[in-house]
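The structure appears right after this line, and notes come after that.
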Protein chains: 2
Amino acid sequence: MAGDKSAPLWERLERPSPAPRQTLSSQRIATTAVAIADGEGLEAITMRRLAAELGVAPMAPYRYVSGKDDLLELMVDHVYADLRLPRGLDWRESLRTLAVQTRELMLQHRWLAQLSPRAKLSLTPNRMTVAEQALVALDGLDLDADTMMSVFRTVDAYVHGALSYESAVSTVISEQSLSGGDELRDELAPLMMWHMRTGRYPTFQHYLRTATRKDDTSWQFDLGLDCLLDGIATRFGI
Amino acid sequence: MAGDKSAPLWERLERPSPAPRQTLSSQRIATTAVAIADGEGLEAITMRRLAAELGVAPMAPYRYVSGKDDLLELMVDHVYADLRLPRGLDWRESLRTLAVQTRELMLQHRWLAQLSPRAKLSLTPNRMTVAEQALVALDGLDLDADTMMSVFRTVDAYVHGALSYESAVSTVISEQSLSGGDELRDELAPLMMWHMRTGRYPTFQHYLRTATRKDDTSWQFDLGLDCLLDGIATRFGI
DNA sequence: CTCGAACCAGATACGTTGTACACAACGAAG
DNA sequence: CTTCGTTGTGTACAACGTATCTGGTTCGAG
C-alpha cells in the first residue's frame, strides 16, 4: 500500500507516514492469535488472517515464527502462563487444583483440545513449569520417579479427555450459535430418534428419558476427578 | 479425459473402455480412507488423494459423502465396528475390557485422537453400540441414570486423554521415522537440555535421570485405569 | 555526520486444498 | 429406439501455507 508507485505524489504525501518499526513482536502475535482462536475457533487461525488482524502483510509474522506450527506453540505457551498453582497444599489438593484450573483454561481456550500431535507434545516453558509443580506436589511421598510421573499423567489424561469432550460440545454449540445443551440436543434429535427407533439401544434410551443432569458438566467432571484421586490415594497409601 | 472431443477418433478408440459402473461404494470409500489415514496420518486424507487411491475423479466420492466431514464420520464408524465387548462380565471387567480395546483401537488408528469437535460428537451406529454396551454393564447396580453415564464417560475420558498423549508420541515418532521413545528423546534432547540449564525444573530433572519405565506405556495406562476403577468401585460401593 | 550492514515488512507467486456446477456416459424401463 | 435417473468427469474458483525477492528503516562504527 505504502509502496504503491502508481499513486500520485500528492496522494502519497497525504498518507500517514510509514508505521514505526517494530510493529510486531512475539507477544503481540501471540495475544492476537489467541484472541482470534478464542473468538472464532482454531480454524479461523490463518497466517493471512493473523497478519490482517495485526495490520500487516501476510508474510510479516514469519519473521517471528517459522511457520504455523511455531505459531501454535507460541499460543499454547502464552495461555499456559495463566496457570498458577498456589503453594502449601498437600499432593491431593495440588493435583485437584491443577486439574480444575486446567479445565478452566481449556474451557476458556477451547482450541487447546484440538492441537496437532506436534503441538500436544511441545515442551514450552510454561508447560514445563506446570509439570514441575505437579511433580513437586508429589515429592516426598516415597513414590519412585516413574510412579510420580504416572500419577501426574493419569490425572492429566483424565482432564484432557474430559475436556476433549466438554469443549467439543461447547465448540459445536458456539459454531451453530445455539444457546446450550438443550438446543444442541434439539438439533441432534432427528438423528437420535432415528437411532432409537432401531430399538438397539434400550438402556441408552432409558438414560435419555430419566437423566436430569445431562448438562451439569462441572458435577460430572468433579465426580470423575474425585473417583480418580480416591483411587490414587488408596493404591499408594498416601 | 474420456470426454475429450478434440482428440482424434483413433486415439479415443485406443483408450480403455470406461470403467464399469458402481465402482464406488461407501464401504470402499471408508476402507480406502482408513487405509490412507492409518498409513500416512490424518493430514494425508485429501479428497483428491482419496479419489486417486480409488482410481476415480476428484469429485466422484462426493456422490457418497457430502463433504470431508462426512467422510471422517464414515471412517470413525467403520473402525468402531471392530470393538466387540464380550458378554457375561461384571461391570468392572466390562469397563476395563472396553477401555483396553479402545486403547488398542486408537493405537491402530492414531488419527482417532485428532478428530474435529464435530467428528468427536458424531453419533454413528457403532459408537452408539459401544455406549449401549457400557450402560448395560452398569445396569442393575442401583445407580441412577446420571451416575451411570457419568461413570462411563469418566472412564472414556481417561482413555481418550491417555491416548491423546500416547498416540501423539507415536504419531511424531512415525512422522520423523524414528525408531522409538529413545530416539524421540534424542531428538528433543537439545531443547530439554536448554530447559534444564535454566535450573527451574529440578524435580523434573530428577525424574529424567532416575526413571526407568519412561516408555512402558501399557504399564502407565493400566496403572491409571486401575486407580480409576478402584475409586469408582469404592465410591459407589459396587 | 556519514555510510553500510542488519533488520523488518511488503509484494508477488506457486502449488495444494475443499467443493460448486455443468456435463457426459451408462443401465434399465417404456 | 428413446427416455430418464444414476453415477462419474471436467473445469473452475477462492482460500490456504509459504518460498523468494525487493525496498525501506534503524543503528553502530568510522
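Below, read A as the first sequence line, B as the second, and so on, with proteins coming before strands; counting in each chain starts at 1.
- The phosphate of D:dG8 has OP1 or OP2 within less than 4.0 Å of a side-chain N or O from B:Tyr64.
- Heavy atoms of other residues, nucleotides or ligands lying less than 6.0 angstrom from OH of A:Tyr165 number 12 at most.
- To the nearest angstrom, P of C:dT17 lies 14 Å from CG of B:Leu71.
- Ion pairing between a basic and an acidic side chain is recognised when a charged N comes within 4.0 Å of a carboxylate O; B:Asp182 and B:Arg185 show such pairing.
- Nucleotide D:dA15 holds its C1' atom 14 Å from the NZ atom of B:Lys68, rounded to whole Å.
- When heavy atoms are screened at a 4.0 angstrom cut-off, A:Leu54 is found touching no nucleic acid atom at all.
- If you take CZ of B:Arg63 and P of D:dG5, they are 14 Å apart, rounded to a whole angstrom.
- The separation between B:Tyr62 atom OH and D:dA12 atom P is 18 Å, rounded to whole Å.
- When the P atom of D:dT6 is taken as reference, atom CE of B:Met59 falls 18 Å away, rounded to whole Å.
- Between B:Met47 atom CE and D:dT11 atom P there is a gap of 19 Å when expressed in whole angstrom units.
- The phosphate of C:dA9 (OP1 or OP2) has a side-chain N or O of A:Thr23 nearer than 4.0 angstrom.
- Contact annotation for B:Ala60: base contact, defined as any heavy-atom pair under 4.0 Å involving a base atom.
- In this structure, A:Leu24 atom CG and C:dC7 atom C1' are separated by 13 Å, rounded to whole Å.
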Side chains of residues 112-119 of chain B: which donor-acceptor partners sit under 3.5 Å, not counting sequence neighbours?
unit_1: B:Ser116; atom_1: OG; unit_2: B:Ala119; atom_2: N; d: 3.3
unit_1: B:Arg118; atom_1: NH1; unit_2: A:Glu175; atom_2: OE1; d: 3.4

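- Judged by closest nucleotide on DNA chain C, A:Arg48 is the one of B:Glu43 and A:Arg48 placed further toward the 5' end.
- Ion pair A:Arg103/A:Glu166 flagged as a salt bridge, since at least one NZ, NE, NH1 or NH2 atom sits closer than 4.0 Å to an Asp/Glu carboxylate oxygen.
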